[in-house]
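Everything on this sheet refers to the single structure shown next.
Just so it is clear, the model here is predicted, and its values are computed rather than measured. Both counts, for ligands and for their atoms, begin at 1 and track the order of listing.
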Amino acid sequence: MSSTELLVIGNWKMNGSRAALADFARAFSGVSIGCDAGLCVPFTLLAAAQSALLGTELRWGAQDCSEEAEGAFTGDVSAAMIAECRASYVIVGHAERRRVHAESEGQVANKVQRVLACGMTPIVCIGESSEERDANQTKAVLRRQLMQVIRALNHDIRSVVIAYEPLWAIGRGQIASPGLIEEAHGFIADAITFNAKHTAHGVRIIYGGSVTPGNAAAVFTRRLVGGALVGGASLRAEDFMAICHAAATCAQQRLAAWTQ
Ligand code: PEP
């Protein structure tokens with residue numbers, strides 16, 4: 001991404017409440033965050049997020065959507081319904097959806113198209129399991145997951161955010177090392193540049209997996225890291241705010257380095 005601004009997205013998973021949203025509204029009201037930031041909440045909280053966060057710089061979004069536009073799909077929620085709540089983001093292909101709900105790469109690509117068609121930004125999660133890493137399959141997995149999206153979007157993914165989330169780092173308190181994050185982001189950026197119609201500069205690549213206020217700065221200062229997808233540490237306004245501040249500080253440092 002050519003912009004120095006970082007992106008911090010909270011993934012509340014199946015957590016949160018209207019009271020928690022009210023906490024965030026209080027904490028972020030009148031605060032200039034210094035980065036792009038949003039909370040991806042459960043579907044039932046989308047309308048509440050719309051009213052609670054409207055007066056803040058925080059945006060909001062969902063954690064999934066249907067791959068269908070509308071119709072007889074009991075229990076599903078379409079991208080258009082999410083967009084009606086003025087959502088900005090939809091997480092697509094999170095590891096927990098791929099694993100627990102056996103979502104295929106084709107379904108992920110369909111969902112990405114639905115989200116874009118409704119004017120929102122898909123945050124596409126890709127990442128390897130520990131078994132795949134041990135078997136030296138990390139690059140093959142990342143390439144396969146990425147290529148499905150690149151092909152589905154006719155080789156232009158500038159409207160998509162890619163979240164690199166190694167499965168073994170999600171929700172475990174075990175963050176990937178900064179060197180490993182940089183290596184994976186470098187590989188993803190190269191894969192985009194070689195396979196898309198544009199370079200990787202047009203695409204935000206963010207990291208996810210056990211990011212906390214304590215380690216966020218070390219993640220953000222790595223080359224090619226455009227932000228973070230944050231699970232557990234996005235549930236408390238204070239922690240999420242601290243991560244946003246780390247992103248803002250890093251962006252200022254990058255800008256200073258470039259303008260020297
Ligand atoms: C996630 O769910 O996308 C995630 C990164 O979770 P955590 O930050 O808790 O590891």
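With respect to atom 8 (O) of ligand 1, the closest heavy atom belonging to the protein is Gly231 N, 2.8 Å. The nearest heavy-atom contact from the protein to atom 1 (C) of ligand 1 is His94 NE2, 3.2 Å. Scanning the protein heavy atoms around atom 5 (C) of ligand 1, the nearest turns out to be Glu165 OE2, 3.0 Å.
Residue contact check: Asn11 has heavy atoms under 4.0 Å from atoms 1 (C), 2 (O), 3 (O) of ligand 1. Taking every non-hydrogen atom of Gly209 and a distance limit under 4.0 Å, the qualifying atoms of ligand 1 come out as 5 (C), 10 (O). Numbered from 1 in the order shown, with element, the atoms of ligand 1 that lie under 4.0 Å from a heavy atom of Ser210 read 7 (P), 8 (O), 10 (O). Of all atoms in ligand 1, numbered sequentially from 1 with element shown, those under 4.0 Å from a heavy atom of Ala169 are 10 (O). Counting the atoms of ligand 1 from 1 in the order shown, those under 4.0 Å from a heavy atom of Gly232 are 7 (P), 8 (O), 9 (O). Numbered from 1 in the order shown, with element, the atoms of ligand 1 that lie under 4.0 Å from a heavy atom of Leu229 read 3 (O), 5 (C).
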Salt bridge (charged side-chain N to carboxylate O under 4.0 Å, His left out) between Glu103 and Arg97, intermediate numbers included:
CA-CA 6 Å; Glu103 270 186 19; Arg97 302 250 11 130; 3.0 Å; yes

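Checked by atom type and distance alone, the side chain of Asn195 never pairs as donor or acceptor with a backbone atom of Ile192 at under 3.5 Å. Here the side chain of Trp12 pairs a donor or acceptor atom with the backbone of Ser234 at under 3.5 angstrom. Remark: the backbone N or O of Leu53 is paired with a side-chain donor or acceptor of Thr56 at under 3.5 angstrom. For Tyr207 (side chain) and Ala176 (main-chain N/O), a donor-acceptor pair under 3.5 Å exists by modelled atom type.
Partner Glu67 forms a side-chain hydrogen bond (donor to acceptor under 3.5 Å, both in side chains) with one of Gln107, Arg114, Gln113 and no other, that one being Gln107.
Between the side chains of Gln63 and Tyr89, no donor N or O sits under 3.5 Å from an acceptor N or O. Using a 3.5 Å distance cut-off with no hydrogens or angles, the side chains of Glu131 and Ser129 do pair a donor with an acceptor.
On a distance-only criterion, Glu96 and ligand 1 share no N/O pair closer than 3.5 Å.
Taking each of Cys125, Gly208, Gly171 in turn, the one with a heavy atom nearest to atom 10 (O) of ligand 1 proves to be Gly171.
Under 4.0 angstrom from ligand 1, there are no non-hydrogen atoms of Arg172. Residue Ile170 touches ligand 1 through backbone and side chain together, judged by heavy-atom distances below 4.0 Å.
Using a 4.5 Å heavy-atom threshold, the side chains of Leu224 and Ile205 count as separate.
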